[in-house]
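Contents: one structure, followed by commentary.
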Amino acid sequence: MPQPIYVPVTSAPDAGPDIAKQTALTLARLDERLRAEHSSLADAVVVTVYLRKAADFAAMNDAYRQAWTALPPTRTTVVSEPAAKDALVEMAAVAVPSGTERRLVHPASWATSPNPYSYGIRAGDTLFLSGLIPRNGRDNTVVTGDVIVQTRAVLDNAREVLDAAGLSLDHVASARVFLPDLGDFDAMNRVYRDYFPAAPPARATVGATLTAPAYKVEMTFIASAGPRRVVSGEGAPNPNLSAAIVAGDAAYISGLLADASVVDSGGDAAAQTRDILRKLDALLTKGGLSRAHVRDLLVYVTDGESGRVASAACRAAFGAKAAITPVTVSLAMARARVEIMTVAATA
């Protein structure tokens, strides 16, 4: 498969204080960016939506569905304060070059999604999954219960989507986990390890509000049928994630935090970012890669100023070729201000 095209977070606050108008113009801008790279929204495989307010979800959804007449991309939607002052919504996208085959993946027993996204899109050896919430795929009812029950429901759903693509949990290379309550982190991990007992995917876990209070966890995955190898990081292995997974033509690198010594000594966002980039360079080297191979940087930060500082450091390090998306969230490590998750191209 040709290398995917990554478009960083985009918004349209100039459309005025109307979520439908901002959604429509944001999508138009994503499409314009993709067309400049010989792709389009019709070729998108992933859209990640960051909403300022959960109450805007329905109106955003109604405007969003107008952009596709068939085979909408996978989608993950979380609540996060946009970087632009008057933006109500921001979106980032991943697409394949025009002409690349995109195939819908949908478990045979599942109902049609009530929202305008596909549960899975396969392009070549790579399967992109939507953000999965604790919902029964057969009738779209919410699976109620604590985070243990809901984590099992999400991972069971992931297994069904993977199975529909002829893959399994062993093929998952990258995971993003969103928890409204980071106090649920350890309980979620206990369940998660049961599903990924060996060589778990690269992962980042952050605190973020979801689109409805009934949901205690949301997870997004990328899987690959291509050749796979694990790249180890510093120190002892983490039972919840691999430092990096090289799968097919991509390297997926877990969310990296600065060392505790840097964080605990009062290291600001700039110092934390420098230490993260040091770790990232080491992982890239172990994987036979360099900064020139980096295509996407998801920069999780705790505040807007940290986002500006970390994004500027990433731009200086990786140049214009890399998509850099700052997202304001809560981080699992106390006093940490920056966490960076990375995708690099191996070809």
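Starting from 1, each residue takes its place in the sequence as its number.
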Classify the side-chain pair T141/D139 by whether it contains a donor and acceptor separated by less than 3.5 Å. yes
If you define the side chain from C-beta out and look only at heavy atoms, does anything of Y117 sit under 4.5 Å from P73? no
Side-chain touch L167/L127, heavy atoms, less than 4.5 angstrom: yes
Check this for me, if you would: do E305 and R308 make a salt bridge, where the nitrogen-to-carboxylate-oxygen distance has to be below 4.0 angstrom? yes
Angle class for the W68/Y64 ring planes (parallel below 30°, perpendicular above 60°, tilted otherwise)? tilted
I want to check something: taking the side chain as every heavy atom from C-beta on, are T100 and P97 in contact at a cut-off of under 4.5 Å? yes
Non-hydrogen side-chain atoms of V105 and V161 separated by less than 4.5 Å: yes
Can you classify the ring geometry of Y119 versus W110 as parallel (below 30°), tilted (30 to 60°) or perpendicular (above 60°)? perpendicular
So does L88 get a backbone contact from the side chain of Q22, meaning a donor-acceptor N/O pair under 3.5 Å? yes
Please confirm whether the backbone N or O of V230 pairs with a side-chain atom of S232, one donor and one acceptor, at under 3.5 Å? no
Tell me the closest heavy-atom pair linking I245 and A202, and the distance in Å. CG1-N, 3.8 Å
Indicate the atoms forming the closest heavy-atom contact of M188 with T205, along with that distance. CE-CG2, 3.9 Å
So, are D259 and R278 salt-bridged, with charged N and O less than 4.0 Å apart? yes
Does any part of the side chain of L155, heavy atoms only, come nearer than 4.5 Å to the side chain of F196, both counted from C-beta? yes
Using only atom types and a distance under 3.5 Å, with no angle test, would you say the side chain of S254 pairs donor to acceptor with the backbone of S242? yes
V78 reachable from V7 in the ILVMFWY side-chain graph, under 4.5 Å edges: no
Has the side chain of T273 got a donor or acceptor atom that lies under 3.5 Å from a matching backbone atom of A269? yes
Do N140 and N136 have side chains that approach each other closer than 4.5 Å (heavy atoms only, starting at C-beta)? no
When hydrophobic residues are tied together by side-chain contacts of less than 4.5 Å, even through go-betweens, does L284 share a cluster with L277? yes
Same cluster or not: are L256 and L289 linked, directly or through other Ile, Leu, Val, Met, Phe, Trp or Tyr residues, by side-chain heavy atoms under 4.5 angstrom apart? yes
Do N240 and R193 have a side chain donor and acceptor closer than 3.5 Å? yes
Just to verify, which of V343, T220, I222, T342 counts as forming a side-chain contact (heavy atoms from CB on, under 4.5 Å) with S174? I222
Keeping the roles fixed (side chain from T76, backbone from G131), state whether a donor-acceptor pair exists under 3.5 Å. yes
Taking the basic N atoms (NZ, or NE/NH1/NH2) and the acidic carboxylate oxygens, is any pair closer than 4.0 Å for D186 and R190? no
Does R203 count as lying over the ring of Y192, i.e. NZ or CZ under 6.0 Å from the six-ring centre, within 45 degrees of the axis? yes
From the options V299, T325, T26, L30, select the one residue that forms a side-chain contact (heavy atoms from CB on, under 4.5 Å) with V9. T325
So, does T346 use its side chain to make a donor-acceptor pair with the main chain of D249 at under 3.5 Å? yes
Which heavy atom of A334 sits nearest a heavy atom of V263, and at what distance? O-CG1, 3.5 Å
Does any N or O in the side chain of R33 come within less than 3.5 Å of the main-chain N or O of A28, such that one atom is a donor and the other an acceptor? no
Look only at the side chain of E81 and the backbone of R52, and say whether a donor-acceptor pair between them is shorter than 3.5 Å. no
Side-chain donor-acceptor contact under 3.5 Å, S224 with D125: no
If we ignore hydrogens and angles and just use 3.5 Å, is the side chain of Q150 paired with the main-chain N or O of T144 as donor and acceptor? no
Spell out, yes or no, whether I276 and V231 are grouped together once hydrophobic residues are joined by side-chain heavy atoms under 4.5 Å, including indirect joins. yes
Lys/Arg-Asp/Glu bridge criterion (N-O < 4.0 Å) met for E160, R138: yes
L41, V49: one ILVMFWY side-chain cluster at the under-4.5 Å cut-off? yes
Show, in sequence, the C-alpha distance, side-chain angles and deciding distance for T77 and R75, and conclude whether the side chain to side chain donor-acceptor pair (under 3.5 Å) test is met. CA-CA 7 Å; T77 304; R75 194 181 80 187; 3.2 Å; yes
Is R291 close enough and on-axis enough to F318, meaning under 6.0 Å and within 45°, for cation-pi? yes
Presence of salt bridge, D146 and K216, under 4.0 angstrom: no
With the threshold set at 4.0 Å, does a side-chain nitrogen-carboxylate oxygen contact exist between D14 and R29? yes
